[in-house]
Undergrad: 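One structure follows; several queries about it will come next.
Remember, it's a predicted structure, so these values are computed and weren't measured experimentally. Each ligand, and each atom within it, is numbered from 1 in the order the structure gives. For this chain, numbers begin at 1 and follow the sequence in order.
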Amino acid sequence: MTSLAQQFQAHADYQPDALAVDAGRRLIVEALSPILGTEHIPLRDALGRVLADSVISPIDVPPHDNSAMDGYGLRGADLAADGPTRLELVGTALAGQPCAARVGPGQAVRIMTGARLPAGVDTVVMQEAAQADAGSVTLAPGQRAGHNVRRAGEDLKAGQVALAAGRLIRPAELGLIASLGIGEVAVRRRLRVAFFSTGDEVATPGGGACDGQIYDSNRYTLCGMLTRLGCDAIDIGVVRDDPDALETTLREAASVADVVITSGGVSVGDADFTRAMMARLGEVLFWKIAMKPGRPLAFGRLGRDDRAAWMFGLPGNPVAAMVSFYQFVQPALLKLAGVDPLPATPLLQVPCATALRKPAGRTEFLRGVLYPEGGQWRVRTTGAQGSGILSSMADANCFIVLGPQQTAVAAGEPVSVQVLDGLV
Ligand code: AMP
Ligand code: MG
């Protein structure tokens, strides 16, 4: 197996001590391949899962020519070139009910939305343009042949790929698969992700904290972020700053999971013993990312064979841990989970309410609030931006992303924004 370091060194933009955010994300994603293992599950349970096989439509959708309107079905050739058209009524076609009527020249049927077109019908005129009396209907001038009908297979043809393997199943995909009459789907198995916190000062909420301790928040944000991504989140707890305890826990985590995520213990001071210990377990690289918050990041694998687990060591500061997760770990987990193509995170350009400053050379992820004002959207920061101020994440609905070249933003100037919550 080629070492990760060798693999990365081939890239011109691989600078472990000042790695650009985009380069780091690309290197990580390229190093990973989707996990194997699929399962067949009922469609109802498939929300948030990833299709393992393409869904091929077994039927035409819609399955038959049908009416798009409530109105009258007729032969387009019967429509008068100018003036009204009067036709004899020979029956009614209701959705889901057989209609034996055959519509000949000069004839029409009353027809409802979704009803199969009776023989002879190629056009529907909506009822608002029609005047019916006993036995006949008069259509207003200006109706068009072929209108208001939905053709069999116009959405999907039998044998066509309805959804390609790799698609993440959202409510629309659930509905689309259901519309094909399919009740069970092949999905990738869930990714197993084990995570733990490190630090003598870190105490678990609910248990009380000694003097000098702080409560663990990273395990809670991680559990939330992993659950949102559809992973099996395996909480391993808090590990003391002790090499033996760390090694035992890492081995245990790697044996049960595809991915191990730690937080804390990767800053310059701590990295020394961690580095030596991880080198024994596999291969872990320690990077300084040119970003704020979230400079230190460890990435690698624990174990040396095909069953090795991937590892991410996130910074301990709560905001840095979250920002690093969203920028590096999330795309990596999606790739491992088999999502293909990987979704691009939209960067919107939004006027910034206040002036901003930063040094050149690093990417900054400010926590922001998008809000409407005077008919357009604006963005402001949440206030204090320290990498430990978790309320800045809780108050935010977006990241303001300032690129490495940017140094000053004037009030009213557009900035790049990543929205945190989506509609679906
Ligand atoms: P470290 O990277 O271990 O040096 O930690 C950096 C900062 O993050 C320190 O102030 C830690 O106390 C804090 N920190 C580390 N882990 C956690 C955690 N799980 N929850 C909250 N804060 C943490
Ligand atoms: Mg620590």
Undergrad: Just to confirm my output: which protein heavy-atom neighbour is closest to atom 7 (C) of ligand 1, and how far is it?
TA: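 For this ligand atom, the closest protein heavy atom is Asn317 OD1, 3.4 Å.
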
Undergrad: Just going by heavy-atom distances, which of Gly269, Pro296, Gly265, Pro315 is nearest to atom 3 (O) of ligand 1?
TA: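 That would be Gly265.
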
Undergrad: Show the atoms of ligand 1 that are less than 4.0 angstrom away from any heavy atom in Asp270.
TA: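 Result: 4 (O).
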
Undergrad: Do Arg188 and Asp340 sit within salt-bridge range, that is, some charged N less than 4.0 Å from a carboxylate O?
TA: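 Salt bridge absent between Arg188 and Asp340.
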
Undergrad: Suppose we measure from atom 19 (N) of ligand 1 to each protein heavy atom; which comes out shortest, and what is that distance?
TA: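 Sorting protein heavy atoms by distance from atom 19 (N) of ligand 1 puts Asp216 OD1, 2.7 Å first.
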
Undergrad: Would you tell me whether Arg295 and Ser387 have side-chain atoms, one donor and one acceptor, within less than 3.5 Å of each other?
TA: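 Checked: Arg295/Ser387 side chains show no N/O donor-acceptor pair below 3.5 Å.
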
Undergrad: Taking only heavy atoms of Pro318 into account, list the atoms of ligand 1 that are under 4.0 Å away from them.
TA: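 Within the 4.0 Å cut-off of Pro318, ligand 1 contributes 21 (C), 22 (N).
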
Undergrad: So that I can tick it off, tell me whether Arg378 and Glu373 are bridged by a salt bridge, with the cut-off set at under 4.0 angstrom between side-chain N and carboxylate O.
TA: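 Salt bridge between Glu373 and Arg378, a charged N being under 4.0 Å from a carboxylate O: yes.
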
Undergrad: Measure from atom 17 (C) of ligand 1 to every heavy atom in Thr221, Asn218, Val238 and give the option owning the shortest one.
TA: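 Among Thr221, Asn218, Val238, the closest heavy atom to atom 17 (C) of ligand 1 comes from Asn218.
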
Undergrad: Looking at Arg275, I'd like to know if its CZ atom is crowded, meaning that more than 12 non-hydrogen atoms belonging to other residues, nucleotides or ligands lie closer than 6.0 Å.
TA: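 It does: Arg275 CZ has more than 12 such atoms within range.
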
Undergrad: With a heavy-atom distance limit of 4.0 Å, tell me whether Ser217 approaches ligand 1 through its side chain, its backbone, both, or neither.
TA: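 Answer for Ser217: both.
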
Undergrad: Nearest protein heavy-atom contact for atom 2 (O) of ligand 1: which residue, which atom, what distance?
TA: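 Of every protein heavy atom, Ser267 OG, 3.0 Å lies nearest to atom 2 (O) of ligand 1.
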
Undergrad: Would Arg151 and Asp65 pass as an ion pair if we require N to O under 4.0 Å?
TA: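 Between Asp65 and Arg151 there is a salt bridge, with a charged N closer than 4.0 Å to a carboxylate O.
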
Undergrad: Counting heavy atoms only, which of Gly316, Ser263, Gly199, Ala271 is nearest atom 15 (C) of ligand 1?
TA: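 Result: the heavy atom closest to atom 15 (C) of ligand 1 is in Gly316.
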
Undergrad: Please tell me whether Phe328 and Trp287 form a close aromatic pair, meaning their ring centres lie under 6.0 Å apart.
TA: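 Not close enough - the centres of the two rings lie 6.0 Å or further apart.
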
Undergrad: Which of the numbered atoms in ligand 1 are below 4.0 angstrom from a heavy atom of Ser197?
TA: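 Reading through ligand 1 atom by atom, the close ones are 19 (N).
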
Undergrad: When you look for heavy atoms under 4.0 Å from ligand 1, do you find them on the side chain of Ile214, its backbone, both, or neither?
TA: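 It is the side chain that gets close, since no backbone atom is under 4.0 Å.
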
Undergrad: Using a 4.0 Å cutoff against the non-hydrogen atoms of Tyr215, which atoms of ligand 1 qualify?
TA: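 Listed by number with element, the hits are 20 (N), 21 (C).
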
Undergrad: Just checking, Arg110 and Tyr72: is the charged tip under 6.0 Å from the six-membered ring centre and within 45° of the axis?
TA: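 Because its charged atom sits under 6.0 Å from the ring centre and within 45° of the axis, Arg110 does stack over Tyr72.
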
Undergrad: Can you tell me the protein heavy atom closest to atom 11 (C) of ligand 1 and the distance?
TA: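 Of the protein heavy atoms, Glu201 OE2, 3.0 Å lies nearest.
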
Undergrad: Tell me the contacting part of Arg219 for ligand 1: side chain, backbone, both, or neither, using a 4.0 Å heavy-atom threshold, strictly below.
TA: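 No part of Arg219 comes within reach of ligand 1.
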
Undergrad: Counting only heavy atoms not in Arg150 (residues, nucleotides, ligands), do more than 12 fall under 6.0 Å from its CZ?
TA: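 Yes, the 6.0 Å shell around CZ holds more than 12 heavy atoms from other groups.
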
Undergrad: State whether a side-chain donor-acceptor pair under 3.5 Å links Asp395 with Thr382.
TA: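 No, Thr382 and Asp395 have no side-chain donor paired with an acceptor closer than 3.5 Å.
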
